[in-house]
Amino acid sequence: MTFQLILDEIKNNLKKILDDLSISDVNFSVELAKPGFGDVSSNIAFLLAKELKKNPKEITQMLFEKYSQCSSTLVLKTEAHPSGYLNFFADWAKLSKLILSESYLDTFGAVDIGNNSNIIVEHTSVNPNKALHIGHIRNIVVGDTVSRILTKANYKVNVLNYIDDSGLQVADIIVGFKHFKFDEEPPNGKKFDHYCGDDVYVKTTQKYELDSSLEEIRKNTLKELEDGDSETAVFGDMITRKVLAGQLETCWNLNVSYDCLNFESQIIRSGLWSKIFEKLKEMGLIEFENEGKNAQCWVIRGDDNEDDKVIVRSNGTATYIAKDIPYAAWKLGLLDDPFYYQKYDATQPNSKTLWQTSLNNDSATPQNFTAQKVVTVIDSRQERLQKIITTLMEKFNSIPDSYVHLGYESVTLSSDTAKTLGLETDGKQAQMSGRKGVYVSADSVCELLKQKITEETKKRHPEMEDSEIEKIAQSVSIGTLRYEMIKQDLDKIITFDLAKSLSLEGDTAPYIQYAYARASRILEKSGITPTTDVNFSLLQEKSELNLVKTIGLFNLQVRDAANNFAPKVIARYCHDLAVSFNSFYEHVKVLDSDNDELKSSRICLVNSFNITLEKALDLLGISAPNRM
RNA sequence: GGACUCGUGGCUCAGCCUGGAUAGAGCAAGCGGCUUCGAACCGCUAGGUCGAGGGUUCAAAUCCCUUCGAGCCCUCCA
């Protein structure tokens with residue numbers, strides 16, 4: 001509970017005061033004070049001004065007097081600020097003990113929002129015809145971070161990755177291999193996913209533009225892919241699985257794990273679509289159009305200004321959005337599960353088993369990957385389609401907010417970076433495009449970062465062994481990339497600049513990880529085993545108390561992040577922790593002190609910081625290095 | 001034409017949901033701090049009519065309306 005304890009105490013006392021005054025229904029705030037105004041402040045007087053017909057200043061004064069009658073264990077002093085705020089000063093000797101003691105528990109930071117219920121987080125879901133680029137990384141890191149936060153908030157999280165192995169993009173590379181005879185082996189050891197994306201996909205789509213008769217071949221290939229037992233489908237399956245293996249390698253390198261891979265081809269063959277199609281008709285959610293531009297189509301009626309959306313074409317085939325409906329319903333457990341599950345042969349970063357869907361019950365194990373609540377991480381450009389799905393799901397199961405589309409803005413390339421790819425943009429940022437070959441691959445960014453960090457580490461530690469440098473470079477490079485992807489709001493466009501992304505100073509993961517490394521060195525050199533059996537009242541310096549306070553906010557931050565699916569909240573919190581620690585580090589010498597008692601108290605604090613930061617960084621999928 | 005998102009110092013952002021006290025950071029600029037618990041750090045200086053206009057309110061960066069600018073979506077494409 002930590003800092004929450006003092007907030008609760010104050011809130012309860014203020015409620016009692018209001019009861020005595022026979023006032024109810026006042027939704028006042030009790031929150032962390034701004035710097036310079038004590039530790040906690042309340043706006044209660046402002047809210048009472050109208051009712052009591054007095055100005056806030058007088059009311060605060062009155063409340064201040066009444067508050068002195070209240071029993072308080074954690075509040076040392078109250079202040080009626082002329083502005084109208086009621087401010088509180090904590091009894092830090094007591095509060096420090098509570099906060100630091102709790103921080104040593106394994107459960108520190110855990111909150112209970114999920115009540116141990118199931119939740120699905122779906123992310124990644126990249127067409128298996130190319131390597132992951134920096135735009136995909138935002139999706140993956142957001143999804144992975146959210147799933148970590150929800151786990152901390154007591155949800156049982158299952159992470160799904162939807163493999164769209166039967167779409168047009170896959171058909172394109174199949175056309176490349178079959179029709180244009182691209183070699184099935186990549187040249188000089190190139191990763192297979194990179195080869196498919198950089199060479200086969202880009203060059204094949206270029207040829208379409210030159211020769212429109214190829215469109216027929218493309219369409220036929222797509223149809224054969226969906227047909228299942230065709231030779232094309234078997235070949236396609238082999239190719240897409242090889243690409244997928246390459247993509248997963250990139251994801252695992254980023255510390256990302258999944259619970260199940262769901263193959264679109266199997267969803268199509270499972271017959272889920274026809275079941276949901278019947279259900280849609282029964283419930284009157286779709287209508288058959290007899291005339292007009294959508295004649296002979298099944299459509300979902302658009303509300304207000306929105307056009308109707310075609311679900312089944314006049315030729316009887318399902319559209320793109322239609323494929324998402326049975327999948328969404330399956331995730332919510334609204335349909336009988338047609339799948340068997342097989343283990344995917346791999347060891348993931350979190351060492352959990354990775355399952356994959358199968359329609360074949362040989363050596364299959366039953367699993368349940370459905371949940372009452374589903375979070376789907378998709379680019380906000382798909383918002384309109386996702387809104388249709390959300391509305392449909394609400395009508396199916398009558399539970400509001402059970403299907404959540406977590407949208408985020410795209411990653412664009414800075415004009416400088418676009419230029420390095422041969423694209424002149426006139427100073428403007430550029431949208432990435434897999435088809436046009438305008439993108440920066442995730443693997444290449446990781447590689448560049450790792451090189452840079454290896455250099456920096458060598459500079460600082462010339463004597464360090466290569467294996468240790470490698471470990472540090474891995475930790476810091478992944479941290480840097482992941483942090484950049486979540487530190488700002490989801491609805492802000494990230495303009496990726498290759499040169500700037502290599503910056504390791506300021507509001508970056510290395511800044512935060514560095515604070516951890518510094519603290520680790522203090523603990524190492526102290527020669528003392530940190531304990532919470534210390535005199536907390538000795539921690540009196542401003543920078544000490546500020547660090548304690550920041551540590552005590554962990555639960556509140558996790559709650560905020562989980563309630564709002566907001567990874568950036570934890571990113572900011574990690575940064576705040578590091579700032580507080582660096583200020584402490586500058587102002588207080590831990591090991592220099594002659595006073596052993598004080599030294600022990602400070603060691604306790606430093607260790608508490610390290611434990612907390614390590615846990616918070618873990619929510620971001622970032623590891624905390626002891627040295628760097 | 002319609003829907004959605006963004007607009008805060010030179011640049012990148014936080015704060016907005018849940019209105020209140022001096023609008024916070026980082027980068028870039030200028031100055032200062034390593035005979036060390038590691039300078040991937042810290043301190044100081046300078047820089048802001050919170051796009052514009054109106055409204056609600058005792059109180060608006062925050063809520064409402066209008067408007068301008070930027071982005072994105074609006075295929076029987078995926």
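Every chain is numbered from 1, with letters handed out A, B, ... down the list of sequences.
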* To do: Please check the phosphate of B:rC41 (OP1 and OP2 only) for any side-chain N or O of A:R518 closer than 4.0 Å.
  => no
*Quick one: is A:Y585 getting a side-chain N or O under 4.0 Å of the B:rG38 phosphate, OP1 or OP2?*
yes
Note to self: It should be established whether A:N582 places a side-chain nitrogen or oxygen under 4.0 Å from OP1 or OP2 of nucleotide B:rC42.
What the structure shows: yes
*pi-stack flag for A:F46 and B:rG20, centroid dist under 5.5 Å, interplanar under 30°*: yes
Rounding to an integer number of angstrom, what distance separates B:rC72 and B:rG53 when you compare their C1' atoms? 26 Å
For B:rU35, the nucleotide meeting Watson-Crick or G-U wobble distances (both under 3.5 Å) is none
Atom NZ of A:K589 and atom C1' of B:rU35 are separated, to the nearest Å, by 14 Å
Notebook entry, point to check: Looking at A:K500, does any N or O in its side chain come under 4.0 Å of the phosphate oxygens OP1/OP2 on B:rC11?
Noted result: no
Between A:Q169 and B:rA78, does any side-chain N or O lie under 4.0 Å from OP1 or OP2?
no
Considering only heavy side-chain atoms of A:Y85, the closest of B:rC17, B:rA21, B:rC37 is B:rA21
*Check: A:D165/A:S265 side-chain N/O donor and acceptor closer than 3.5 Å*: yes
Practice problem: Give a yes/no answer on whether the side chain of A:K458 brings an N or O atom under 4.0 Å of OP1 or OP2 in B:rA40. | Solution: no
A:K492 NZ to B:rC72 P, in whole Å, measures 17 Å
Looking only at B:rC37, B:rC74, B:rC27, the nucleotide nearest the A:I522 side chain is B:rC37
Against the side chain of A:H575, the closest entry in B:rU12, B:rA25, B:rC42 is B:rA25
A:I486 CD1 to B:rA14 C1', in whole Å, measures 14 Å
Using a distance-only criterion (donor-acceptor N/O pair, under 3.5 Å, no hydrogens), is the base of B:rA21 paired with the side chain of A:N87?
yes
Notebook entry, point to check: If we take the C1' atom in both B:rA40 and B:rC17, what is their distance in whole Å?
Noted result: 36 Å
Considering only heavy side-chain atoms of A:R381, the closest of B:rC76, B:rC37, B:rC72 is B:rC72
Against the side chain of A:N564, the closest entry in B:rC73, B:rC17, B:rC27 is B:rC17
RNA chain B nearest-nucleotide lookup for A:G167 and A:A49: closer to the 5′ end is A:A49
A:S380 side chain to A:Y408 main-chain N or O, any donor-acceptor pair under 3.5 Å?
yes
Would you say the side-chain atoms of A:R313 pair up with the backbone N or O of A:A318, donor to acceptor, closer than 3.5 Å? yes
Whole-Å distance, A:K487 NZ to B:rU12 C1', equals 8 Å
Assert: residue with more 5' nearest nucleotide on RNA chain B, out of A:I472 and A:L222, is A:I472
Atom CG of A:L48 and atom P of B:rU57 are separated, to the nearest Å, by 20 Å
Q. Would A:S623 and A:L617 satisfy side chain to side chain contact (heavy atoms under 4.5 Å, CB included), going step by step from the backbone distance to the final call?
A. CA-CA 6 Å; A:S623 58; A:L617 281 174; over 6 Å; no
Counting distance only, does the side-chain N/O of A:S475 pair as donor-acceptor with the main-chain N or O of A:K471 below 3.5 Å? no
Check whether any side-chain nitrogen or oxygen of A:Q431 sits under 4.0 Å from OP1 or OP2 of B:rC72, and answer yes or no. yes
* Asked: Hey, does A:P625 reach any base, or is it just sugar-phosphate, or nothing, if we go heavy atoms under 4.0 Å?
  -> nothing
Q.
If the cut-off is 4.0 Å, is A:R313 near the phosphate of B:rC77, judged by side-chain N/O to OP1 or OP2?
A. yes
Atom CD of A:E463 and atom P of B:rG38 are separated, to the nearest Å, by 13 Å
Looking only at atom P, what distance separates B:rG26 and B:rC42, rounded to whole Å?
-> 8 Å
Among the nucleotides B:rG20, B:rC42, B:rG38, whichever has the atom closest to the side chain of A:Y511 is B:rC42
- Message: Regarding B:rA40, can its base be found pairing with the side chain of A:T508 as donor and acceptor, where the two atoms are less than 3.5 Å apart?
- Response: no
*What interatomic distance, in whole Å, is found between P of B:rA78 and the corresponding atom of B:rG10?*
47 Å
Taking a pair to mean Watson-Crick or G-U wobble geometry with both distances below 3.5 Å, B:rA29 pairs with B:rU45
Quick one: sort the A:F277 and A:W298 rings into parallel, tilted or perpendicular, breaks at 30° and 60°. perpendicular
Given side chain to side chain contact (heavy atoms under 4.5 Å, CB included), test A:M432 with A:L413 step by step and report yes or no. CA-CA 7 Å; A:M432 279 186 277; A:L413 299 177; 3.6 Å; yes
Closest to the side chain of A:T319, out of B:rU75, B:rA14, B:rC76, is B:rC76
Q.
Once you apply a heavy-atom cut-off of 4.0 Å, does A:V170 come out as touching a base, just sugar-phosphate, or nothing?
A. nothing
request  = Please work out whether the ring planes of A:F581 and A:F609 are parallel, tilted or perpendicular, with thresholds of 30° and 60°.
outcome  = parallel
Decide side chain to side chain contact (heavy atoms under 4.5 Å, CB included) for A:M485 and A:R138; before the verdict, give the C-alpha distance in whole Å, the side-chain angles of both, and the deciding distance to 0.1 Å. CA-CA 5 Å; A:M485 290 295 127; A:R138 188 173 194 181; 3.8 Å; yes
ask   = Is any side-chain nitrogen or oxygen of A:Y408 closer than 4.0 Å to OP1 or OP2 of B:rU5?
value = no
Ignoring backbone atoms, establish whether A:Y320 has a side-chain N or O less than 4.0 Å from OP1 or OP2 of B:rA78.
no
Against the side chain of A:Y514, the closest entry in B:rA21, B:rU12, B:rA40 is B:rA40
Closest to the side chain of A:E409, out of B:rC41, B:rG38, B:rU5, is B:rU5
Scanning all shown strands, the Watson-Crick or wobble mate of B:rC63 with both distances under 3.5 Å is B:rG55
Pairing partner of B:rG7, by Watson-Crick or G-U wobble and under 3.5 Å for both distances, is B:rC68
Quiz prompt | C1' atoms of B:rG51 and B:rC68, separation to the nearest Å | solution = 8 Å
Separation of B:rC6 atom C1' from A:Q429 atom CD, nearest Å, is 11 Å
A:D491 has its side chain closest, among B:rC13, B:rU5, B:rC27, to B:rU5
Across every strand shown, the nucleotide meeting Watson-Crick or G-U wobble geometry with B:rG24 (both distances under 3.5 Å) is B:rC13
Whole-Å distance, A:E586 CD to B:rG32 C1', equals 13 Å
Exercise. Decide yes or no, distance alone: a donor-acceptor N/O pair under 3.5 angstrom between the base of B:rA25 and the side-chain of A:R572.
Key: no
